[in-house]
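Whatever order the structure lists ligands and atoms in, that order sets their numbers, starting from 1.
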Amino acid sequence: MSTLQGPWRRTAAGAGLLRPDGSIAPTIFAEMSALAARTGAINLGQGFPDEDGPVEVLEAAIDAVSAGKNQYPPGRGDPLLLEAIARHQHRFYAIPVDPASEIVVTAGATEALAASILALVEPGDEVVVFEPFYDAYAGLVALAGARLVTVPLRWPDFRPDHDELRRAVTDRTRIILVNDPHNPTGRAFDQETRELVVELAHRNDAFILTDEVYEHLMFSGAHRPIAALPGARERTITVSSAGKTFNTTGWKVGWLIAPPVLVTAILTVKQFLTYVNASPFQPAIARGLDLGEDVFAGIARNLAEKRDVLVDGLRAAGFAVSVPDGSYFVIADARPLGFADARELCVSLPERAGVVGVPVTAFVRPENRSDYASLVRFAFCKRRGVLESAVDGLRRLSI
Ligand SMILES: *Cc1c(COP(=O)(O)O)cnc(C)c1O
């Protein structure tokens, strides 16, 4: 059957994935990864690391499997991990969290976002997101039957205009979804914007849903969670994940932190999505979260060096670059090289430079794509030698 029925149609349409004939289109990520595989080009399109993270974390998982932690863990998560998450929030952000009532372990940040949106949003409600946005947001909001409202982040500094943010949040807003540090722009929000989000959530009785999967991948200064702001905790669901911090994206261990009443509501959804997940990986991530500050600083420093290799290389190749504050990603503008259409460039980039990137329009709703037409997202969560080869290839663009 080529056409979609039911909520899937709404999801695909909301995510801009429906073809005119009603069939679902492959995502740009699948398309670009297939292109990389076909051409042998270096894949800087998808954001997954190409080397392992801390060995303590890997060994703890092996130990857990050997010790028989292979059956369903408790519904909220393994107490070892719940307690480690609470310690982590206290150690890094001075936020007190009750491990027994305020945390749920999820199948990655993705399930935490899905369960939160499905639990808290009624059909017709509005969810405010900053655009460009992580591709799952539009799909999840559509699956809940809600309406996506976007606030633009504009090249080159990608800071939201506060008046536009004020206009986007109304009494129809159920959730303000904040991805900080932000994918795909790499921008960390400034404190004034975070405070305005809290103020607007209060004024309009909305929830704040934060996606902080890049919390430890900051290149200057520490991450500041919205939940640490006065008046925020009572209406904030903080979502994070171990995948990006510890190079364990395939383990899909994430979590959410929220007041007990919200946790109860979200658990009622989560129990019918996955019930539980990742039994032996949960104590392993607990081990990771308890690692010393030097380890976390080393993870960020290592990634910052990779960022610099790619940023310098993109500039040398002739791109204009928006230098990211954090995350795996950098956005480059292809206009100085004479390319107005990043999608066209991305399709020919394997041949021209032996590299794959993703056009930023993949993170933007169809009606707003013209504002982002010349921008490309590149991932730098790759081994240094791989990035250096990519940079060598990109240099061919300017010759
Ligand atoms: C990678 C990513 C996720 C997905 O996290 P998982 O833990 O793999 O589900 C969610 N949000 C953003 C912004 C991401 O970049």
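- At a cut-off of 3.5 Å, with distance as the only test, no side-chain donor of S389 or D392 sits close to an acceptor on the other residue.
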Test S322 against R187 for side-chain hydrogen bond (donor to acceptor under 3.5 Å, both in side chains), laying out the working first. CA-CA 9 Å; S322 174; R187 186 62 61 237; 3.3 Å; yes
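- The single protein non-hydrogen atom nearest to atom 7 (O) of ligand 1 is S241 OG, 2.6 Å, given as residue, atom name and distance.
- Remark: distances from the non-hydrogen atoms of Y214 to ligand 1 include one below 4.0 Å.
- Contacts of A109 with ligand 1, taken as heavy-atom pairs under 4.0 Å, involve both backbone and side chain.
- Counting the atoms of ligand 1 from 1 in the order shown, those under 4.0 Å from a heavy atom of K244 are 1 (C), 2 (C), 3 (C), 14 (C), 15 (O).
- A 6.0 Å sphere centred on CD of E367 holds more than 12 heavy atoms belonging to other residues, nucleotides or ligands.
- In summary, the atoms of ligand 1 found under 4.0 Å from a heavy atom of G108, numbered by their order in the structure, are 6 (P), 7 (O), 9 (O).
- Under the 3.5 Å distance criterion, the side-chain polar atoms of H223 are left unmatched by any main-chain donor or acceptor of G326.
- The one candidate from V321, V376, I331, V391 that meets the side chain to side chain contact (heavy atoms under 4.5 Å, CB included) condition with L314 is V321.
- Here the heavy atom of the protein found nearest to atom 12 (C) of ligand 1 is D211 OD2, 3.3 Å.
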Intermediate values then yes/no, side-chain hydrogen bond (donor to acceptor under 3.5 Å, both in side chains), D190 and T193: CA-CA 6 Å; D190 54 54; T193 301; 2.8 Å; yes
Trace of the side-chain hydrogen bond (donor to acceptor under 3.5 Å, both in side chains) decision for S33 with Q46: CA-CA 7 Å; S33 287; Q46 254 183 342; 3.2 Å; yes
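- Given atom 8 (O) of ligand 1, the protein heavy atom at minimum distance is K252 NZ, 3.2 Å.
- The side chain of N183, and not its backbone, has at least one atom closer than 4.0 Å to an atom of ligand 1 (non-hydrogen atoms only; side chain from C-beta on).
- On a distance-only criterion, T110 and ligand 1 share at least one N/O pair closer than 3.5 Å.
- Contact atoms of ligand 1 toward N179: 13 (C) (distance under 4.0 Å to a heavy atom of the residue).
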